[in-house]
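Structure record follows, encoded as structure tokens.
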Amino acid sequence: MASSAEDMPSEEDTGTSAAGGIHLLDFSDEILLHILSHVPSTDLVLSVRRTCRKLATLCLDKSLIHTVLLQKDYQASEDKVKQLVKVIGREIQQLNMAGCYWLSGTTVEQVARCRSLVKVNLSGCHLTSLRLSKVLSALQHLRSLAIDVSPGFDATQLSSECKATLSRVRELRQTLFTPSYGVVPCCTSLEKLLLYFEILDRTREGAILSGQLMVGQSNVPHYQHLRVFYARLAPGYINQEVVRLYLAVLSDRTPENLHAFLISVPGSFAESGATKNLLDSMARSACLDALQLPKSWLNGSALLQHLRFSNPLYFSFSRCALSGSHLVQRVINGGRDLRSLASLNLSGCVHCLSPDALFRKAEDDIDSGILETLVGACCNLRHLNLSAAHHHSAEGLGRHLCQLLARLRHLRSLALPVCAVADSAPQADRAPAPPAMHAVQRGFGKKVRLGVSSGPFTGQSVPPPTSVFWTLLRSVPFLERLELIGSNFSSAMPRNEPAIRNSLPPCSRAQSVGDAEVAAIGQLAFLRHLTLAQLPSILTGSGLLTIGLQCQQLQSLSLANLGMMGKVVYMPALLDMLRHCRRLRDLRLEQPYFSANSQFFQALSQCSRLQRLCLVSRSGTLQPDALLAFMGRCLHVIMCHMFTGESLTACKSLQQTLLRRQSGRR
């Protein structure tokens, strides 16, 4: 039960003070509101609000309670959510409960009490057709909705009041786990439709599903007001069958105001008569701001020549056979002004920086003129993906890929192949330089010795190394996401691609990228997400410690196939790094022969905010007692995936022990 204002301590009793006798509550309301905006909603309303009269008022400020985020708030228990809705339910206008799988259906029903809701995300929540109908019937102001459509969904169970609410919804995000239109036919005012197809080809009983199950529905989607259409497909033929039925309706009459058309499909997705009609109609009447198509729809076609773009924001040509000539002529129109473009995905476009795709080999150098034209035209890019290709730079002052990308000062995320950041082509007669010892500031003037193969680094007084990769990162200091992935890398457990048992060896130029280049990443003080994969020349991993010491905002770390494959050479540096990653929430390690021993889990225990851990290690080893002790110490960890060389019996025993010990607390 909430405390009354009379029961609360005064501002003087809170005892929170800073140096010089200044109390936290002496700050202005604007500063305090900004601080409180970073506190989880459940803690804000149910705990902080009860500390004193001033905070009791500020915690209920409209700027804080109009939007409530429960996504990934794993401390939001059933009781806390019910109390939260009871206190501020009528004031909430935006509610995100995505992925709150631990909440029961009766708790999710409490959303119906938030009658002022304009936007709600219930993806991943337990919702039956009847429960969804009950919730939506009470939300007359709703304009944005996100839900899952699971097996057993029946649109005929939706009440007339629910359908009236859906008729006013303008933005719908629908994740399909069964062939169905879901609630799309009821949303007659749709302007933005986001579809995620996660349908399995077979049921749990082994029966083969058919996408034709949805043909019998009497209603079809209404697209006449649609401005944004997005579909992302998981692997499987059934997802392709179902999305074709959505597209067939769209092809009959292309919306006049369609501005964004994006389809993300793993593997091949053959064109049909309906999709060809749709693309022809788009070429005639649509003026797009964002485009992403399956590679088979673009390869060999002249579609890009006919599509019209107006102030484009997003382009994705992932894995398309797009040559540099086509990129310049058809996409950026010979270097026209594309300052509006914020995101460009050229992942897997192996020929996109070469003028002729017909005769190019993987080891050939890129045409720096094409990249220079691209950088000049798209000078405000915030997100760029050039991974999964060999982009080799020729010798020449100022013409290296990294030097040209350094002009993109607004970049916030960048994905590059490892070979693209090498200074020059490797020379057979050049011996590798031995790692030099460097000093990095730590604590009160103390220094820790690091094995890094670049020039001496002792702080601000010494100029940094002059490698092109170091120069690039120095030019984009606000980068938040960086991916450095080998051109030939393939994960042993990919998300949307088939697993490849025999992967290709690293690119020869990747041999020039080692600990010094990894240490250069330490310049990125705002880095939050980092992926490093297939760097064969990692000797000691000393650059990882530099990142741990200097990238204090790091939240997500993924490391795969670093150094020699037969031995984890970077383990000592990794353990030192983890002890400094206080904000790390996600860790993914993919490395053969990795030993998940007590030393590893002790170091990982220093990551007090860790929530998700994934280890993929062929012929790896695992100490069950060390893992159990780790899970007992790190109470925020809610996902633990271990794929090692242990037997199935040992894994099942460990899983049962974990569930028995931890299910009561999380």
Side-chain angles (χ1 to χ4, degrees), residues 1-18 22-100 102-104 106-125 134-146 165 168-169 171 583 609 636:
M1 184 173 178
S3 302
S4 64
E6 289 75 13
D7 297 330
M8 297 179 187
S10 65
E11 287 83 346
E12 291 76 10
D13 296 332
T14 57
T16 304
S17 62
I22 300 176
H23 286 265
L24 174 65
L25 297 180
D26 290 336
F27 290 116
S28 66
D29 288 355
E30 290 77 10
I31 294 178
L32 289 175
L33 286 173
H34 179 72
I35 295 173
L36 294 172
S37 68
H38 296 278
V39 179
S41 299
T42 50
D43 293 336
L44 190 74
V45 174
L46 304 179
S47 298
V48 180
R49 183 175 66 93
R50 300 178 179 181
T51 56
C52 69
R53 295 185 181 90
K54 183 172 184 176
L55 290 180
T57 301
L58 290 177
C59 287
L60 296 181
D61 188 85
K62 292 182 178 180
S63 64
L64 298 179
I65 62 175
H66 274 184
T67 300
V68 173
L69 304 177
L70 298 179
Q71 182 184 24
K72 296 183 179 180
D73 184 1
Y74 301 109
Q75 305 303 315
S77 63
E78 302 259 358
D79 291 338
K80 286 184 177 181
V81 172
K82 290 178 181 179
Q83 292 181 47
L84 180 72
V85 172
K86 182 178 180 180
V87 176
I88 64 170
R90 291 186 176 274
E91 303 295 329
I92 302 175
Q93 295 184 0
Q94 298 187 36
L95 175 62
N96 188 344
M97 296 176 63
C100 292
W102 61 89
L103 298 179
S104 65
T106 54
T107 301
V108 176
E109 277 188 18
Q110 299 294 313
V111 175
R113 303 178 62 176
C114 307
R115 297 183 179 271
S116 299
L117 273 178
V118 176
K119 182 175 183 178
V120 63
N121 189 335
L122 299 175
S123 299
C125 296
K134 180 179 179 180
V135 170
L136 295 186
S137 296
L139 306 180
Q140 299 181 5
H141 303 286
L142 194 66
R143 296 297 181 268
S144 178
L145 172 66
T165 296
R168 294 184 289 268
V169 168
E171 178 181 333
R583 288 183 169 86
R609 300 188 185 183
H636 295 298

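Here the structure is a predicted model, which is why all the values come from computation and not from measurement.
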About how many Å separate [atom2] of [Y] and [atom1] of [X], when rounded to the nearest 0.5 Å?
X	Y	atom1	atom2	answer
Glu109	Leu103	CD	CG	12.5 Å
Lys119	Asn96	NZ	CG	8.0 Å
His38	Leu44	NE2	CG	12.0 Å
Cys100	Gln71	SG	CD	7.5 Å
Leu69	Ser37	CG	OG	10.5 Å
Leu136	Leu122	CG	CG	7.5 Å

Taking all non-hydrogen atoms of both residues, which atom of [X] and which atom of [Y] are closest, and how far apart?
X	Y	answer
Gln83	Leu46	CB-CD2, 3.8 Å
Met97	Val111	SD-CG2, 3.6 Å
Ser41	Leu84	O-CD1, 3.8 Å
Ala112	Leu139	O-CD2, 4.3 Å
Glu91	His66	O-CD2, 3.2 Å
Phe27	Leu32	O-CD1, 3.7 Å

Just wondering, do [Y] and [X] contact through their side chains at under 4.5 Å, heavy atoms?
X	Y	answer
Leu24	Ile35	yes
Leu36	Asp61	no
Ile65	Val87	no

[X], [atom1]: over 12 other non-hydrogen atoms inside 6.0 angstrom:
X	atom1	value
Lys82	NZ	yes
Glu78	CD	yes
Arg168	CZ	yes

| Partner set under side-chain hydrogen bond (donor to acceptor under 3.5 Å, both in side chains) for Gln110, not counting sequence neighbours |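 By the side-chain hydrogen bond (donor to acceptor under 3.5 Å, both in side chains) rule, Gln110 matches Arg113.
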
| Excluding sequence neighbours, so at least two apart, what forms side-chain hydrogen bond (donor to acceptor under 3.5 Å, both in side chains) with Ser123? |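 Ser123: side-chain hydrogen bond (donor to acceptor under 3.5 Å, both in side chains) contacts with Asn121.
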
| Side-chain donor-acceptor pair present, Thr42, Gln75, cut-off under 3.5 Å |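 Thr42 vs Gln75: no donor-acceptor pair found between side chains.
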
| Looking only at atom types and distance, does a side-chain atom of Ser116 sit under 3.5 Å from a main-chain N or O of Ile92, one as donor and one as acceptor? |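 Here the side-chain-to-backbone pair does not exist.
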
| message | For Leu55 and Leu25: C-alpha separation, side-chain torsions, deciding distance, then whether side-chain contact (heavy atoms from CB on, under 4.5 Å) applies. | response | CA-CA 9 Å; Leu55 290 180; Leu25 297 180; 4.0 Å; yes

